[in-house]
Number of protein chains: 2
Amino acid sequence: MIFKKRTHTCGELRASDVGKVVTLNGWVDRRRDLGGLIFIDLRDRYGKTQVVFSPQHNSQAYQVAKELKSEFVISVTGRVERRPKGAENPSLPTGEIDILADEVQILSKSETPPFLIEDDLNVSEELRLKYRYLDLRRPVMQSNLITRHRMAQVVRRYFDENGFIEIETSFLVKSTPEGARDFLVPSRLHPGKFYALPQSPQLYKQILMVAGFDKYFQIVRCFRDEDLRADRQPEFTQIDVEMSFVTEEDVFNIVEGLIFRLMKEIKGIEIQLPFPRIPYVEAIEKYGTDKPDLRFDLEIVNATDIFKTTEFKIFREAIENGGVICGLNLPGCANFSRKQIDELTNFAKDLGASGLVHFKVGNGEVESPVAKYFTKISLQKLKEKMNSKDGDLIVLISDQPQKVYSILGNLRLEMGRRLNLIDEEQFKFAWIVDFPLLEWDEEEKRWVSVHHPFTSPKLEDLHLLDTDPGKVRARAYDLVLNGNEIAGGSIRIHDAELQQKIFKLLGISEDEARKKFGFLLEAFKYGAPPHGGIAFGFDRLVMLFTGMKSIRDVIAFPKTSSALSLMDEAPSEVDPKQLDELHIQVKR
Amino acid sequence: MIFKKRTHTCGELRASDVGKVVTLNGWVDRRRDLGGLIFIDLRDRYGKTQVVFSPQHNSQAYQVAKELKSEFVISVTGRVERRPKGAENPSLPTGEIDILADEVQILSKSETPPFLIEDDLNVSEELRLKYRYLDLRRPVMQSNLITRHRMAQVVRRYFDENGFIEIETSFLVKSTPEGARDFLVPSRLHPGKFYALPQSPQLYKQILMVAGFDKYFQIVRCFRDEDLRADRQPEFTQIDVEMSFVTEEDVFNIVEGLIFRLMKEIKGIEIQLPFPRIPYVEAIEKYGTDKPDLRFDLEIVNATDIFKTTEFKIFREAIENGGVICGLNLPGCANFSRKQIDELTNFAKDLGASGLVHFKVGNGEVESPVAKYFTKISLQKLKEKMNSKDGDLIVLISDQPQKVYSILGNLRLEMGRRLNLIDEEQFKFAWIVDFPLLEWDEEEKRWVSVHHPFTSPKLEDLHLLDTDPGKVRARAYDLVLNGNEIAGGSIRIHDAELQQKIFKLLGISEDEARKKFGFLLEAFKYGAPPHGGIAFGFDRLVMLFTGMKSIRDVIAFPKTSSALSLMDEAPSEVDPKQLDELHIQVKR
């Protein structure tokens with residue numbers, strides 16, 4: 001069909017265009033028949049424009065318009081008119097005008113769609129994913145993907161301006177069964193052998209540093225065959241960065257500059273630099289997590305000191321067993337009812353607390369059902385330590401430190417939400433630094449890397465590698481935003497000997513290391529520069545910038561939590577001939 | 001190790017910096033011991049700087065320098081000096097200065113590399129690929145990947161400025177066994193089912209048009225499990241483009257603008273727009289190929305008319321059998337020796353010609369061993385037709401048209417090279433249009449798509465679909481550059497009925513179509529806009545812009561022709577546990 005091409009988009013015409021004869025192409029968003037006229041809202045990516053069909057003005061066009069239904073694709077030609085007084089739509093940029101149709105062509109018809117194309121949609125996500133092409137017509141989804149595009153453009157321009165080169169690494173790589181589970185790709189030319197899809201270009205970006213590229217970045221797809229949690233996808237996008245001849249501060253500077261630019265260009269906000277640097281231990285002790293939400297205070301307070309000699313058995317025993325007494329001061333919650341306090345207690349118990357002790361502060365006094373077990377002095381000290389004011393409620397938990405921090409971290413978030421302490425418009429970034437290098441895996445009875453085995457230990461902790469590996473801090477860092485980890489990285493080991501030592505600590509034999517990472521170790525023999533980098537979860541970053549609750553809303557074709565693509569029905573069965581060629585068969 | 005960070009790169013210092021104390025980090029490119037001094041060329045991505053170690057100036061640094069070997073990574077601090085008169089190196093931007101070293105730190109040692117880091121390298125490509133991190137240190141390879149980065153940046157900026165959105169499509173998609181062979185990815189969560197890696201985002205970009213994104217692009221990795229020809233890779237990068245509400249000219253305009261920008265920003269050349277549009281049939285008849293090299297003329301001339309009634313049996317029989325007599329006029333080749341003409345003849349015979357008839361033009365006369373079979377008039381007509389001048393050599397071939405064009409096309413290229421008619425500095429772009437929609441597959445005894453089954457037929461040829469499908473021209477187009485196809489695309493079918501009809505012609509049953517492309521056909525039911533697009537082979541484009549002979553020289557980590565990655569040794573055997581989890585086993 002030869003069709004009349006648009007002269008303007010559906011978001012473009014204004015009162016200043018009145019009188020022009022224009023052609024628009026787009027989708028029928030809505031049709032109303034009113035007072036003998038037919039009104040069509042014509043929609044495209046750029047907006048909506050009202051088109052009016054009048055039998056008096058052009059009966060032929062009017063006759064065609066009578067056939068129009070939602071989601072028909074049409075080409076309309078007509079004159080731009082100013083809408084009558086009172087008929088303007090101030091919520092629409094094109095709301096001052098409409099088009100009086102002279103001619104209309106139906107370019108493509110539509111069956112009745114399974115759901116309406118509108119932002120407030122009340123259908124299952126399954127239906128949205130199956131008909132993703134319709135879901136993506138909704139203005140909110142279009143806006144999400146446009147923002148994603150703009151963010152990627154800003155990222156690329158920023159790194160380019162700062163001397164970074166985007167280098168494409170391979171997708172068909174060697175399987176290295178460290179870390180998550182690989183997706184495998186059987187080789188046709190090499191029977192019994194497999195490629196893996198990269199979990200990240202980690203080894204390859206380090207190779208690029210050895211190759212002298214100095215400053216590398218890439219926005220790149222990565223793959224992990226994990227059981228999917230709500231906010232994970234089997235394929236996801238990373239902003240991957242690596243730099244040579246740098247220390248932590250160089251990475252921080254580059255990343256802070258990037259975030260500043262993104263916040264300014266995408267959100268129109270000029271944020272404060274530098275970001276706070278919070279040591280891992282401090283984050284755990286203050287916020288009960290290594291990804292604290294810093295939009296509100298409500299910090300965890302350690303009151304163990306106060307209760308060292310208490311008669312309150314639960315506290316005393318906890319302390320004797322190496323535990324701690326920590327708590328939160330909940331502002332203005334002294335008037336909590338019995339029921340509300342029970343709720344809090346149950347919340348803590350669900351997280352594994354054996355109990356929750358509470359104290360109400362009023363008239364300078366500290367009251368509690370268990371007040372009798374404490375001296376006046378210790379209660380006053382508690383009030384001071386917690387920085388409590390009249391009307392506040394203090395809650396305390398006693399147990400092993402890790403458990404206490406974790407429970408209070410969760411309680412902190414919960415109360416932050418309940419007490420409306422979180423300003424949703426704020427973006428609070430922070431670096432978490434000084435992570436432990438290793439953690440003990442009870443199951444496997446061995447040390448495992450907290451970050452990955454190429455992360456450099458802190459130079460001042462090197463001597464602990466032999467004596468107390470658990471105490472060694474890593475030159476690793478995470479960037480957190482509003483309670484989400486959005487990036488993580490480290491300064492890498494660039495010394496083959498130190499790398500061997502770490503492998504040994506991790507119980508990775510020389511043979512195993514050679515098999516898995518041989519080419520990187522080999523590369524290190526030919527002059528490796530000191531280097532380090534970072535990787536961002538781009539999907540999550542876009543989600544936080546667009547204010548979405550799920551990364552699936554910022555990915556064009558996401559998969560379900562069971563890794564299904566509902567639209568194209570992947571994965572699917574394939575022709576047995578295909579498997580034959582790949583030298584594999586399905587195991588029933 | 002705490003190291004002294006660079007204050008400048010190795011390509012940065014000039015005479016105006018003399019007197020400054022600087023620190024450089026980089027690789028030892030070359031060491032020379034001369035007159036009691038040690039000279040080091042220090043190299044990084046940005047250039048080379050000469051460092052001088054003098055035992056008189058600083059004996060400690062000198063002692064360390066004595067240990068230095070090629071590819072050691074060092075940090076050097078010293079004062080910038082003007083080189084003595086006569087010792088400048090005008091071929092180096094830093095050639096006016098050197099650094100008198102006060103201090104040197106070895107950051108990383110290097111074994112003797114298996115080859116030198118220099119542009120003119122005479123080692124096997126296998127060795128280069130195995131030690132890719134060393135190969136990539138060579139300035140030419142760094143420059144190639146930097147150019148690739150710059151080209152990608154230009155492409156992205158251009159499309160962004162023109163209202164296109166880059167949208168990331170999925171890598172784990174449905175296997176659609178049309179076209180090339182898929183790489184498959186077994187699903188762990190869905191036993192016996194497989195994802196495919198996309199051969200191109202063709203279906204998904206069309207879905208994005210149905211979703212209303214209007215203008216899409218993506219620089220995206222694609223995968224084809226084909227037996228690799230010299231210039232192919234199992235994974236390759238495409239610039240993928242799709243637009244709604246457009247005709248061919250809109251696609252041409254956008255692409256021509258892109259090429260103009262790339263040529264200007266990367267090569268510094270302002271090219272002429274628009275590009276010539278050459279119908280497929282004309283390309284075949286003039287150049288013997290649908291990807292003509294237009295840097296030189298030497299067009300094929302059809303002389304059949306002249307010989308319709310000839311007594312020369314070979315020609316007459318060829319014409320009677322539906323064949324043609326075509327040839328080339330080789331300028332200035334009348335003095336070719338017997339041997340040279342035999343060579344030409346053998347070249348043509350190797351390509352399948354039964355023979356080659358030649359005519360020498362001199363003193364206005366046309367001479368030939370077979371001249372006696374032709375009338376004077378026909379020989380004069382031949383000379384006119386071929387536009388021959390004194391000193392030229394005419395060669396003619398007779399056979400079925402396709403064969404004649406193909407042989408002469410190859411001969412044309414060969415003679416273009418031999419006669420030095422090709423200006424290597426030129427970039428000659430052209431559109432090839434009006435491709436046939438279908439071609440008859442003799443083996444499978446059915447029509448197959450020349451482009452792909454979503455390509456729209458030309459509207460004026462629609463009536464031929466039922467009567468003479470082979471005659472139907474497609475709304476398809478290729479962009480060619482200097483004899484290479486660099487992009488191909490088409491206006492798509494957006495009408496479900498027409499699509500069904502084409503499937504039927506291709507012998508694809510409704511059931512099969514639903515299984516393979518069901519989601520696209522389903523999508524077309526809900527209002528599909530007219531749309532079309534194009535895809536560039538980005539690797540080849542970069543290769544042509546950098547003047548390389550192989551796409552492997554513009555890909556960071558390419559695979560060999562048997563799809564091996566020599567550096568990381570992918571593909572490799574994997575843990576049987578991994579296969580168990582994927583419900584597959586290797587078939588021995």
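Throughout, protein chains are lettered first and strands after them, A, B, ... in sequence-line order, and every chain is numbered starting at 1.
Heavy atoms from other residues, nucleotides or ligands lying under 6.0 Å from NZ of B:Lys5 number more than 12. For A:Glu497, the CD atom counts as loosely surrounded, since its 6.0 Å shell holds 12 or fewer non-hydrogen atoms of other residues, nucleotides or ligands. Other residues, nucleotides and ligands contribute more than 12 heavy atoms inside 6.0 Å of the NZ atom of A:Lys587. Few gaps surround CD on B:Glu249; more than 12 heavy atoms of other groups in view lie less than 6.0 Å from it.
For a residue to count as touching a neighbouring chain, one of its non-hydrogen atoms must lie under 4.5 Å from one of that chain's; by this rule A:Thr112 touches chain B with the backbone only. A:Leu582 touches chain B through its side chain: at least one heavy atom from C-beta onward sits under 4.5 Å away, while N, CA, C and O do not. For a residue to count as touching a neighbouring chain, one of its non-hydrogen atoms must lie under 4.5 Å from one of that chain's; by this rule B:Tyr46 touches chain A with the side chain only. The contact between A:Glu111 and chain B is made by backbone and side chain atoms together, counting heavy-atom distances below 4.5 Å. Heavy-atom distances place both the backbone and the side chain of A:Phe245 under 4.5 Å from chain B. Interface residue B:Phe538: only side-chain heavy atoms are found under 4.5 Å from chain A. Of the two parts of B:Phe159, neither the backbone nor the side chain holds a non-hydrogen atom closer than 4.5 Å to a non-hydrogen atom of chain A. Contact of A:Pro530 with chain B is made through the side chain alone, with heavy-atom distances under 4.5 Å. Only the side chain of B:Ser187 comes within less than 4.5 Å of a heavy atom of chain A; its backbone N, CA, C and O stay farther away. Heavy atoms closer than 4.5 Å to chain A are found in the side chain of B:Leu189, but not in its backbone. With a threshold of 4.5 angstrom between heavy atoms, B:Pro529 approaches chain A through its backbone and through its side chain. For B:Leu203, no part lies under 4.5 angstrom from a heavy atom of chain A. Only the side chain of A:Glu581 comes within less than 4.5 Å of a heavy atom in chain B; its backbone stays farther off. Heavy atoms closer than 4.5 Å to chain A are found nowhere in B:Ala152, neither backbone nor side chain. Of the two parts of B:Leu145, the backbone and the side chain both hold a non-hydrogen atom closer than 4.5 Å to a non-hydrogen atom of chain A. For B:Glu226, the part lying near chain A is the backbone, with the side chain staying farther off; criterion is any non-hydrogen pair under 4.5 Å.
Of all the listed residues (B:Asp580, B:Ile146, B:Thr247, B:Leu197), the one sharing the greatest number of non-hydrogen pairs under 4.5 Å with chain A is B:Thr247. Interface summary for chain A: among B:Arg188, B:Glu71, B:Lys193, the most heavy-atom pairs under 4.5 angstrom belong to B:Arg188. Most heavy-atom pairs under 4.5 Å with chain B: of the set A:Ile167, A:Val574, A:Thr9, this distinction falls to A:Val574. Of all the listed residues (B:Ser75, B:Pro191, B:Ser572, B:Ser244), the one sharing the greatest number of non-hydrogen pairs under 4.5 Å with chain A is B:Ser572. In terms of heavy-atom pairs under 4.5 angstrom with chain B, the leader among A:Pro113, A:Ala556, A:Ser562 is A:Ser562. Your options are A:Tyr195, A:Phe164, A:Phe72, and the one with the most heavy-atom pairs under 4.5 Å with chain B is A:Tyr195. Residue with the most contacts toward chain B among A:Gly212, A:Pro186, A:Ala196: A:Gly212 (heavy-atom pairs, distance under 4.5 Å). When each of A:Ile74, A:Leu579, A:Ile117, A:Leu520 is checked for heavy-atom pairs under 4.5 Å with chain B, A:Leu579 comes out on top. Ranked by heavy-atom pairs under 4.5 Å with chain A, the first of B:Phe183, B:Tyr204, B:Phe213 is B:Phe213. Each of B:Arg221, B:Met567, B:Lys559, B:Arg132 has some count of heavy-atom pairs under 4.5 Å with chain A, and the biggest count is that of B:Arg221. Per-residue heavy-atom pair counts under 4.5 Å with chain B were compared for A:Val586, A:Ile165, A:Leu498, and the maximum is reached by A:Ile165. Of the listed residues (B:Arg150, B:His190, B:Arg43, B:Arg138), the greatest number of heavy-atom pairs within a distance under 4.5 Å of chain A belongs to B:His190.
Remark: A:Ala528 engages A:Val210, A:His494, A:Phe524, B:Ser108 in a side chain to side chain contact (heavy atoms under 4.5 Å, CB included) (not counting sequence neighbours). Taking the salt bridge (Lys or Arg N to Asp or Glu O under 4.0 Å) definition, one finds that A:Lys109 meets it with A:Glu67, sequence neighbours left out.
A distance-only check finds a donor-acceptor pair linking the side chain of A:Asp44 to the backbone of A:Cys10 [under 3.5 Å]. Here the side chain of A:Asp182 pairs no donor or acceptor atom with the backbone of A:Leu184 at under 3.5 angstrom. Judged purely by atom type and a 3.5 angstrom limit, A:Glu235 has no side-chain atom pairing as donor or acceptor with the backbone of B:Ser170.
Look at A:Asp135 and A:Lys130 and you find no salt bridge, because none of the NZ, NE, NH1 or NH2 atoms lies under 4.0 Å from a carboxylate O. A:Arg156 and B:Glu166 are joined by a salt bridge, as a carboxylate oxygen and a charged side-chain nitrogen come within less than 4.0 angstrom of each other.
Summarising the geometry of B:Val246 relative to A:Phe3, their closest heavy-atom pair is N-CZ, 3.7 Å, with the distance given to 0.1 Å. Taking each heavy atom of B:Pro114 and B:Leu134 in turn, the nearest pair found is CD-CD1, 3.4 Å.
The distance from atom CD of A:Gln578 to atom CD1 of A:Ile584, rounded to the nearest 0.5 Å, is 10.0 Å.
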Decide side-chain hydrogen bond (donor to acceptor under 3.5 Å, both in side chains) for A:Asp568 and A:Ser565; before the verdict, give the C-alpha distance in whole Å, the side-chain angles of both, and the deciding distance to 0.1 Å. CA-CA 6 Å; A:Asp568 67 7; A:Ser565 171; 2.8 Å; yes

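Two residues are said to be in side-chain contact when any heavy atoms from C-beta on lie closer than 4.5 Å; A:Ser110 and B:Lys525 fail this criterion.
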